[in-house]
Amino acid sequence: MSLITVTLPDGSQKFVPAGSSPLDVAASISPRLAEAAIVARVNGELRDLTRPLETDAAVEILTSKNPEALEVYRHSTAHLLAAAVLELFPETQLGIGPPTDAGFFYDFQRETPFTPEDLEKIEERMREIQARDLPYERVMTPKHAGLEKYADQAMKIELITEKADEVFSEYTLGPHFIDFCRGPHVPSTSRLKAFKLLSVAGAYWKGDEKNQQLQRIYGTAFFTKKELDEYLHKLEEAKKRDHRKLGRELDLFSIQELAGPGLIFFHPKGGTVRKLLEDWMRNQYVARGYSLVYTPHIARIDLYKTSGHANFYSENMFSRMELDDAEYQLKPMNCPGHILIYADRQRSYRDLPVRLGELGTVYRYERSGVMHGLLRVRGFTQDDAHIFCTPEQIVDEVVSCLEFAVDTLNAFGFDRYEAELSTWDGGASGKYDGEPEQWTLAENALREATERIGMNVKVMADEAAFYGPKIDVKLVDAIGRLWQLSTVQFDFTLPRRFGLKYIAEDGQAHQPLMVHRALFGSVERFFGILVEHYAGAFPVWLAPVQAVVLPITDKQNAYALEVLGKLKDAGLRVEIDDRSEKVNFKIREAQLQKIPYMLVVGGREAEAGQVSVRNRRHGDQGVESVDAFIARVQEQVAAHTPFE
């Protein structure tokens, strides 16, 4: 019997018979480890626990403590889903079934649409198959044999033709399921403890609208039922907070079919909130030394040829328009316009830094299948700023941008965030623009800036944009979800393309450093995030209606109007509900509209010149004078209090 050497992560070694599996190695270390094992890393590559080891190898056993193990676990659950579908609906053809950050999905081609009842049956069958303890068996198939076997399945033929080696791996699960897959997978279905099917939706093959439409079943899976239950609870909470649902209920915005998808109409209440967002940002621009600029929504295509967008970004740009003198383009980015303003006159080092800020609307083509309320649209307004500065100024400028980003989060009631620093690969791939010394300067500036303000960042190697490194700030909302928000991005490309210069102290022309900076990301997206964070119950300073006056009977209407006028004179956003309805009905309506304060006025309040105050969160707050109420709300508005 020949022995091979297995080197474990701690450097220790085991001598095992050739052909032993990583699962055998795990069992020799500890039965508990073998029971907890999900997948193995062999010489740096993830492999099935049951795949034989033929030569000396470095082996690591991954359990639920390893993030990569969860991906394998979810991928295996996707195969379990597909096996259940084929048992119940054998006429179905398979697309792809990858793991995702939130679970997994599988695409199916089937003439009859899946119903909610079908999902229940499929999930029940998944549990039956799981209980059978079926193995995930790896089968090696010659490419020509695979093409023959799947001759009547166009999607499989396409995948095998494009992706398969001359001998490729497939995985079986029971008698009905076999699929082209690189793996790895868990050893058997018994390892899959907690899963749930969530929904079914349409999806185009390979995400291309020109291809056939498939049915995509979404699900999720976790190592324990407790984790699954917590996730499902969060999903239910997210449904209640869905900005699309609340946008309709609170009359904030709409998307009109006649106008087209991905184009947002802000209604009066939504318009009020949007104005508050934009006013806050513009005021901050001025206070922090930015110059406000405005650029056209359309420009000659030559501008975007110079910037490079016409080439590398063309698939995200709308079609060009023929006008009298040239071809024109709806702007996909604000930066070329800001560059033209910078370049319009000669700049001295004494002029720098130049900070140009704009709430500029841009237009980008998004496929119909990926648009999502306010979060993914075709026309949106960015709080876009571009900073042109010298190398000596860059760290201070990045520090200011990051402080501005954190202040923005705090102002709108977000007290948690995560930050990522995306760097290049040192030039190994050749896919990044700029010289090595530029990347070194930029990355060091970003690192130094985060250290100066004590911002913890996760380094994302080889994830920079091709034109420079960046820092992304992701906020954490009220139910623990991460949202991409602020970005501070270096750019080596555009200053060179446009030949930007400034005259330095040495009297010579030098190229300035350029930083892109967006804090809301886009007004529309940030608006949607706010709706979901607050579940539509905006803090008083942002609420489109801060208070509603509720006369108990028609006899108090005159006094209610007097209170209304006094509140409006004090600058509060207030309405009156003087319908001939019972006051409890009016209170319930105001609660549904998530109005922070309800001011009930009856005979006693009118006689005493007071109001009976109700709060949407805390209920009855007693009787007080109108002046006292005004002073309290004005204090909350000035302090940007997140909750009453």
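No hydrogens, no waters, no symmetry mates; every other heavy atom, side chains included, goes into these values.
The pair Glu123-Arg127 counts as a salt bridge, with a side-chain nitrogen and a carboxylate oxygen less than 4.0 angstrom apart. Asp472 and Lys474 are not joined by a salt bridge, as no carboxylate oxygen comes within less than 4.0 angstrom of a charged side-chain nitrogen.
The side chain to side chain contact (heavy atoms under 4.5 Å, CB included) test applied to Arg364 returns Tyr313, Pro332, Met333, Val362, Phe380, Gln382, not counting sequence neighbours. By the ring pair (Phe, Tyr, Trp, His ring centres under 6.0 Å) test, Tyr365 is found to be paired with no residue, residues two or more places apart in sequence or in another chain being considered. In this structure, the side chain to side chain contact (heavy atoms under 4.5 Å, CB included) partners of Pro539, at least two apart in sequence or on a different chain, are Tyr534, Trp541, Leu542. Glu45 is linked by a side chain to side chain contact (heavy atoms under 4.5 Å, CB included) to Arg47, Arg51, counting only residues two or more places apart in sequence or in another chain. Residues passing the side chain to side chain donor-acceptor pair (under 3.5 Å) test with Asn456: none are found, sequence neighbours excluded. With sequence neighbours excluded, the residues that form a salt bridge (Lys or Arg N to Asp or Glu O under 4.0 Å) with Asp407 are Arg288. Residues meeting the ring pair (Phe, Tyr, Trp, His ring centres under 6.0 Å) test with His75, sequence neighbours left out: His79, His185. Qualifying side chain to side chain contact (heavy atoms under 4.5 Å, CB included) partners for Val545, counting only residues two or more places apart in sequence or in other chains: Lys269, Glu575, Ile595. Legend: residues meeting salt bridge (Lys or Arg N to Asp or Glu O under 4.0 Å) with Asp118, ordered by chain and number and at least two apart, are absent.
How far CZ of Phe105 is from CG of Leu81: 11.0 Å, rounded to the nearest 0.5 Å. Phe414 contributes atom CZ, which lies 11.0 Å from atom OG1 of Thr408 (distance to the nearest 0.5 angstrom). Interatomic distance, Glu230 CD to Lys234 NZ, rounded to the nearest 0.5 Å: 8.5 Å. The distance from the CD atom of Glu35 to the CG atom of Leu23 is 11.0 Å, given to the nearest 0.5 Å. Annotation: the span from Glu120 atom CD to Glu117 atom CD amounts to 6.0 Å, rounded to 0.5 Å.
A donor-acceptor pair under 3.5 Å links the side-chain atoms of Thr77 to the main chain of Tyr73, judged by distance alone. A donor-acceptor pair is defined here as one N or O able to donate and one able to accept, closer than 3.5 Å; no such pair exists between the side chain of Asp383 and the backbone of Val523. A donor-acceptor distance shorter than 3.5 angstrom exists from the side chain of Thr161 to the backbone of Ile157, with no hydrogens or angles considered. Of the possible donor and acceptor atoms, none in the side chain of Ser422 sits under 3.5 Å from a partner among the backbone N and O of Ala464. Distance alone, capped at 3.5 Å, places no donor-acceptor pair between the Ser254 side chain and the Gln256 backbone. Judged by distance alone, the side chain of Ser429 and the main-chain N or O of Lys431 form a donor-acceptor pair under 3.5 Å. Side chain of Asn66 to backbone of Thr63: a donor-acceptor contact under 3.5 angstrom is found. Checked by atom type and distance alone, the side chain of Arg378 pairs as donor or acceptor with a backbone atom of Glu366 at under 3.5 Å. Formation of a donor-acceptor pair under 3.5 Å by the Ser169 side chain with backbone atoms of Cys181 is found in this model. Arg616 places a side-chain N or O within donor-acceptor distance of the main-chain N or O of Lys594, the cut-off being under 3.5 Å.
For residues 20-32, there are no salt bridge (charged side-chain N to carboxylate O under 4.0 Å, His left out) pairs, not counting sequence neighbours. Identified under the side-chain hydrogen bond (donor to acceptor under 3.5 Å, both in side chains) test for residues 135-148, with sequence neighbours left out: Thr141-Glu170. Within the structure, salt bridge (charged side-chain N to carboxylate O under 4.0 Å, His left out) contacts touching residues 155-164 (residues at least two apart or in different chains) are Lys156-Asp179, Glu158-Lys206, Glu162-Lys206.
Inter-residue side-chain proximity for Glu68 and Leu46 is flagged as met; some heavy-atom pair is nearer than 4.5 Å. Here the side chains of Arg74 and Thr220 are in contact, with some heavy-atom distance below 4.5 Å. Between Pro22 and Leu53, some side-chain heavy-atom pair lies under the 4.5 Å cut-off. With a 4.5 Å cut-off on side-chain heavy atoms, Phe266 and Glu524 count as touching. Using a 4.5 Å heavy-atom cutoff, the side chains of Met455 and Val406 are in contact. You'll find the side chain of Phe223 stays beyond 4.5 Å of the side chain of Leu192, heavy atoms only. With a 4.5 Å cut-off on side-chain heavy atoms, Tyr204 and Arg367 do not count as touching.
By the 30° and 60° cut-offs, the orientation of the rings of Phe520 relative to Phe412 is perpendicular. Below 30°, between 30° and 60°, or above 60°: for Phe253 and Phe527 the angle between ring planes is above 60°, a perpendicular geometry.
Contact detail for Gln109 and Leu214: the closest heavy-atom pair is CB-CD2, 3.8 Å.
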Practice task
In sequence, state the C-alpha distance, the side-chain angles, and the governing distance for Glu420 and Lys458, and then conclude on salt bridge (charged side-chain N to carboxylate O under 4.0 Å, His left out).
Solution key: CA-CA 5 Å; Glu420 295 176 351; Lys458 179 181 179 182; 5.3 Å; no

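A cation-pi arrangement is present between Arg110 and Phe89, with the terminal nitrogen or guanidinium carbon under 6.0 Å from the aromatic centre and inside a 45° cone about the axis.
Between Phe195 and Phe104, the gap from one ring centroid to the other reaches at least 6.0 Å.
In the model, His176 has no side-chain atom that pairs as donor or acceptor with a side-chain atom of Glu87 under 3.5 Å. Under 3.5 Å, the side chains of Asp10 and Ser12 contain a donor-acceptor pair of N or O atoms. A donor atom on one side chain and an acceptor atom on the other are not found under 3.5 Å apart for Asp107 and Trp205.
Remark: of the listed residues Arg241, Lys240, His243, His243 is the sole one forming a side-chain hydrogen bond (donor to acceptor under 3.5 Å, both in side chains) with Glu532.
By the 6.0 Å contact criterion, CG on Asp101 is open, its count of non-hydrogen atoms from other residues, nucleotides or ligands being 12 or less.
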